[in-house]
Amino acid sequence: MRQNDCPDSASRCLELNAFGGLNDSVSRTINLSDAFSAVLSFDFNRRYGSNGRDDFVLEVSDNGGATWTVLERFSWDQRGWGWSYDLTPYRSANTRIRFRVARSGIGSTLWVDNVTIDVNRGEAQDLLGHGTHVAGIAGSRALSSLGNFPGVARGVALHDVRVLDGRGRGDLWDVFAGLDWLLANGAARGIRVVNLSLGTPVFESIDSDPLVWAVDQLVDNGFVVVASAGNFGRYGNMTITSPGTSRKVITVGSLNDAGTGTNFADDSVSTFSSRGPSLIDHVLKPDLVAPGNGIVSTIPAGSRLRTLLPARVPTCGGNCNASNHLRLSGTSMAAAMVSGTAALMLSRDPSLNPASVKARLMRSSRKIAADATDAGTGVLDVRAALAETGRLTVPALSPLMARSSSGTAIMIEDTARLWGNAAWGAGYLWNNGYLWSNNYASANGYLWSDGYLWSNGYLWSNGYLWSNGYLWSNGYLWSNGYLWNNAVTGDNTAMSVGNQSIRIRED
C-alpha cells in the first residue's frame with residue numbers, strides 16, 4: 001500500500017484492489033435491531049481505471065448477506081470525505097455492510113478510511129430526556145422503584161418518531177418528515193393517537209400554515225392528534241403556538257393543582273400556559289387543560305435535563321432509587337395526559353373517530369371558574385371521558401371568536417350548529433357557556449357574549465402583543481416542557497436551559 005493514496009495520507013487505510021479480484025469484498029456486521037436510527041460514514045479515494053472498466057460498490061444487507069442493496073457505485077477516479085448513508089431502513093439483528101469489487105479489469109484500487117456507524121438506540125440516546133418524560137406520562141408501565149407513578153394508559157404501545165436533537169432542537173422539515181411517516185405507516189403499526197408536545201410561533205393563518213395543514217391531514221385520516229398549547233401565558237392572550245392553532249386537533253393547556261389531589265378549590269390555570277384565542281384566526285383555544293405543574297415521570301439517568309436539574313429528582317425515601325424520574329412542568333406534560341386518556345378511550349371503543357374523541361373529552365371535562373380562553377372547556381376528567389357517550393360524523397372544529405361590528409360584544413361560533421347536534425352546544429361544553437347567547441344569535445351560527453374580558457379592542461389587533469418581536473424573532477420551533485420551575489412551590493420563574501436559538505420547541 002502507498003500510504004499517500006489513503007484519503008488521509010497521514011494514516012493507513014483499507015485497500016481493495018480490483019485486478020483479478022472480482023467479488024473480493026470486505027464486510028462488517030452490526031446488530032441494529034434496537035436502533036432508532038443508524039448512519040454510515042467514511043472517507044475514500046478511488047484511483048486508476050478511469051475508463052470505467054472497474055467498479056467498486058458499497059452494499060448493505062438486512063439479512064446477514066442473503067440479499068444485498070447497492071448504496072453507492074465507485075466507477076471513476078474520485079476522492080471523498082465524510083460521505084454518509086442512512087442505514088435506518090436496513091435495521092435488523094444481522095445488518096451487514098460491505099465494499100465489493102463488482103467488475104474487474106485493469107486493476108483499479110479503492111482506499112477507504114474512517115468507517116463509522118453512528119447508532120441512536122432509543123431511550124439511551126434521548127439526550128435531552130423530554131420525550132421520555134412525555135412518553136412516561138402517557139403510558140409508562142412504572143416497573144421501577146417509583147412504581148406509584150404509572151402513565152395514564154399504563155403499558156400502552158409507544159412509538160418514538162423523533163424529530164429533535166439532544167437540546168430539543170430541530171427543523172420544521174424534520175417535523176414534516178415525521179408526520180409524513182405517520183401518515184404512511186401509522187395505521188399499519190396500530191398507531192391511533194399522535195402526541196405533539198412541540199410548538200412554533202404563529203406567522204400566518206391556519207389556512208396557509210403548513211404545519212397545521214400537515215396535522216389536519218393526520219386527523220382526516222383517522223388519527224387523534226393532541227398538541228400542547230405552549231408556555232407563553234405570561235405574555236397574555238393570543239399566545240397559542242402552532243400546530244395547537246388547528247381547529248381539528250385537541251389543544252391542551254396546563255392546570256396547576258397545587259399538589260393537593262382531589263381538593264379542587266385551589267386549582268388554577270398554570271401561569272405559563274398559553275392563552276387563546278389563536279393569533280390571526282381567533283380560534284377559541286385551548287380545548288381543555290390537564291395537570292402540567294410538577295409532574296413526575298421517567299427520565300434517562302444520563303440525559304441533559306436530569307443533569308441540569310438535579311433538584312427536580314423526586315424524594316422517595318431510603319428504600320428506592322429515584323434517579324430515573326424527574327419532576328417537570330409544561331403544557332407538554334398536560335398534553336401527554338390527554339394523549340394517554342385518548343388511548344384508553346380508543347382501547348375501550350376502537351370505533352371512535354378523532355372528532356368523537358375530541359368532543360367527548362371536551363364535554364366530560366370538569367368545569368372551573370376560568371375564562372374559556374384560559375382553561376378551554378375545563379379540566380381533563382379521565383373517568384368521565386371514558387363514561388362519555390355521543391358521536392360526531394363531522395369534524396369537531398374548535399369554534400371561532402370575533403368582535404361584533406359595534407365592538408361591544410364577542411361572537412363565538414355555535415358548536416351545536418358547527419358539530420351538527422344540540423347536545424354539543426356551548427352550554428354543555430364550556431363553563432357558563434349557556435350564558436353566551438345573551439338572547440342574541442347571528443344567522444351564520446355565532447352566539448353572542450358580553451365579552452367583558454375583551455372590552456379593550458386592542459387585543460384584537462392581531463399582533464400588538466408581539467410588537468417587540470424578540471419572542472418570535474427567530475421563527476423557530478422548540479421545546480417548552482422544561483423551562484418552568486415547579487409551580488407547586490409557588491415558583492414559576494422562567495428558567496433558561498440551553499440554547500434558545502433553535503428550530504423546534506417542545507411544549
Open item on the list: Using side chain to side chain contact (heavy atoms under 4.5 Å, CB included), reason through Thr331 and Val252 one step at a time and then give a plain yes or no.
Closed with: CA-CA 7 Å; Thr331 55; Val252 185; over 6 Å; no
- [ ] Start with the C-alpha gap between Asp220 and Lys248, add the side-chain angles, then the distance that decides, and say whether side chain to side chain contact (heavy atoms under 4.5 Å, CB included) holds.
- [x] CA-CA 9 Å; Asp220 292 343; Lys248 293 182 179 180; 2.7 Å; yes
Open item on the list: Walk me through whether Val357 and Leu346 qualify under side chain to side chain contact (heavy atoms under 4.5 Å, CB included).
Closed with: CA-CA 8 Å; Val357 171; Leu346 290 166; 4.1 Å; yes
TODO: Please test Asp174 against Arg162 for salt bridge (charged side-chain N to carboxylate O under 4.0 Å, His left out), starting from the C-alpha separation and ending with a verdict.
DONE: CA-CA 9 Å; Asp174 293 328; Arg162 194 173 307 176; over 6 Å; no
- [ ] Any chance you could lay out the side chain to side chain contact (heavy atoms under 4.5 Å, CB included) test for Val175 and Leu211, step after step, and finish with the verdict?
- [x] CA-CA 8 Å; Val175 179; Leu211 189 54; 3.8 Å; yes
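At least one donor-acceptor pair under 3.5 Å links the side chain of Thr88 to the backbone N or O of Ala38. Between the side chain of His133 and the backbone N or O of Ile295 there is at least one donor-acceptor pair closer than 3.5 Å. Looking at Thr241, its side chain does come within 3.5 Å of a backbone N or O of Ala229 through a donor-acceptor pair. Counting only distance, with no hydrogens or angles, the side chain of Ser278 and the backbone of Val283 share a donor-acceptor pair below 3.5 Å. For the pair Asp414 (side chain) and Gly445 (backbone), a donor-acceptor distance under 3.5 Å is absent. Between the side chain of Thr415 and the main chain of Leu418, no donor-acceptor pair closer than 3.5 Å is present. Formation of a donor-acceptor pair under 3.5 Å by the Ser442 side chain with backbone atoms of Tyr446 is found in this model. At distances below 3.5 Å, not a single donor-acceptor pair connects side-chain atoms of Thr132 with backbone N or O atoms of Ile299. A donor-acceptor pair is defined here as one N or O able to donate and one able to accept, closer than 3.5 Å; no such pair exists between the side chain of Thr373 and the backbone of Arg275. Checking side-chain atoms of Ser274 against main-chain N and O of Gly230 turns up a donor-acceptor pair under 3.5 Å.
Nearest heavy-atom pair, Pro286 versus Gly276, reported as atom, atom and distance to 0.1 Å: CD-N, 4.4 Å. A pairwise comparison of heavy atoms in Leu198 and Ser228 identifies N-OG, 3.4 Å as the closest pair. Here the shortest heavy-atom pairing between Trp430 and Gly376 reads CD1-O, 3.3 Å. Across every non-hydrogen atom of Thr298 and Ser140, the tightest pair is CG2-OG, 3.9 Å. Contact between Ser356 and Leu392 at its shortest, heavy atoms only, is OG-N, 2.9 Å. Across Ala370 and Ala375, no two heavy atoms sit closer than the pair CB-CB, 3.8 Å.
Not counting sequence neighbours, Asp381 has no partner by the side-chain hydrogen bond (donor to acceptor under 3.5 Å, both in side chains) test. With sequence neighbours left out, the side-chain contact (heavy atoms from CB on, under 4.5 Å) criterion links Arg366 to Leu255, Phe264, Asp267, Ile368, Val379. For Arg360, there are no salt bridge (charged side-chain N to carboxylate O under 4.0 Å, His left out) partners two or more places apart in sequence or in a different chain. Residues forming a ring pair (Phe, Tyr, Trp, His ring centres under 6.0 Å) with Tyr434 (at least two apart in sequence, or on another chain): none. Residues satisfying the side-chain contact (heavy atoms from CB on, under 4.5 Å) test with Arg363, not counting sequence neighbours, are Glu388, Ala423, Trp424, Tyr428, Leu429. With sequence neighbours excluded, no residue forms a side-chain hydrogen bond (donor to acceptor under 3.5 Å, both in side chains) with Thr307. Under the rule for a salt bridge (charged side-chain N to carboxylate O under 4.0 Å, His left out), Asp180 has no partner lying at least two apart in sequence or in another chain. Ser351 pairs by the side-chain contact (heavy atoms from CB on, under 4.5 Å) definition with Asp349, Arg391, not counting sequence neighbours. Contacts of Asp86 classified as salt bridge (charged side-chain N to carboxylate O under 4.0 Å, His left out), with partners at least two apart in sequence or in another chain: none. Under the rule for a side-chain contact (heavy atoms from CB on, under 4.5 Å), the partners of Thr341 that lie at least two apart in sequence or sit in another chain are Val152, Met345, Leu361, Leu380, Val382, Ala385.
The CD1 atom of Ile410 sits 13.0 Å away from atom CG of Leu447, with the distance rounded to the nearest 0.5 Å. Atoms CG and CZ, on Leu328 and Arg306 in that order, are 11.5 Å from each other to the nearest 0.5 Å. For the atom pair OG1 (Thr271) and CG (Asp374), the distance works out to 11.5 Å, reported to the nearest 0.5 Å. Taken to the nearest 0.5 Å, the OG atom of Ser254 stands 9.5 Å off from the CE atom of Met333. With rounding to the nearest 0.5 Å, the separation of NE2 in His282 from CD1 in Ile412 is 13.0 Å.
Using cut-offs of 30° and 60° for the angle between ring planes, the Phe176 and Trp173 rings count as perpendicular.
Side chains of Thr239 and Asn237: no donor on one and acceptor on the other come within 3.5 Å. Under 3.5 Å, the side chains of Lys367 and Ser365 contain a donor-acceptor pair of N or O atoms. For the residue pair Asn256/Ser270, the side-chain donor-acceptor check at 3.5 Å is not satisfied. No hydrogens or angles considered: nothing links the side chains of Thr245 and Lys285 as a donor-acceptor pair under 3.5 Å.
In this structure the side chain of Arg247 reaches within 4.5 angstrom of the side chain of Leu400, judged on heavy atoms. By the 4.5 Å heavy-atom criterion applied to side chains, Leu179 and Leu196 are counted as neighbours. Side-chain contact between Asp257 and Asn293 is absent, with no heavy-atom pair separated by less than 4.5 Å.
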Report, one line per pair, each donor and acceptor closer than 3.5 Å where one atom sits in a side chain of residues 181-193; sequence neighbours left out.
{"unit_1": "Asn185", "atom_1": "ND2", "unit_2": "Trp181", "atom_2": "O", "d": "3.0"}
{"unit_1": "Arg192", "atom_1": "NH1", "unit_2": "Pro350", "atom_2": "O", "d": "3.1"}
{"unit_1": "Arg192", "atom_1": "NH2", "unit_2": "Pro350", "atom_2": "O", "d": "3.3"}
{"unit_1": "Arg192", "atom_1": "NH2", "unit_2": "Leu352", "atom_2": "O", "d": "3.1"}

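Among residues at least two apart or in separate chains, side-chain hydrogen bond (donor to acceptor under 3.5 Å, both in side chains) pairs with a member in residues 202-218 are Glu204-Ser208, Ser205-Asp281, Asp209-Ser242, Asp216-Ser246.
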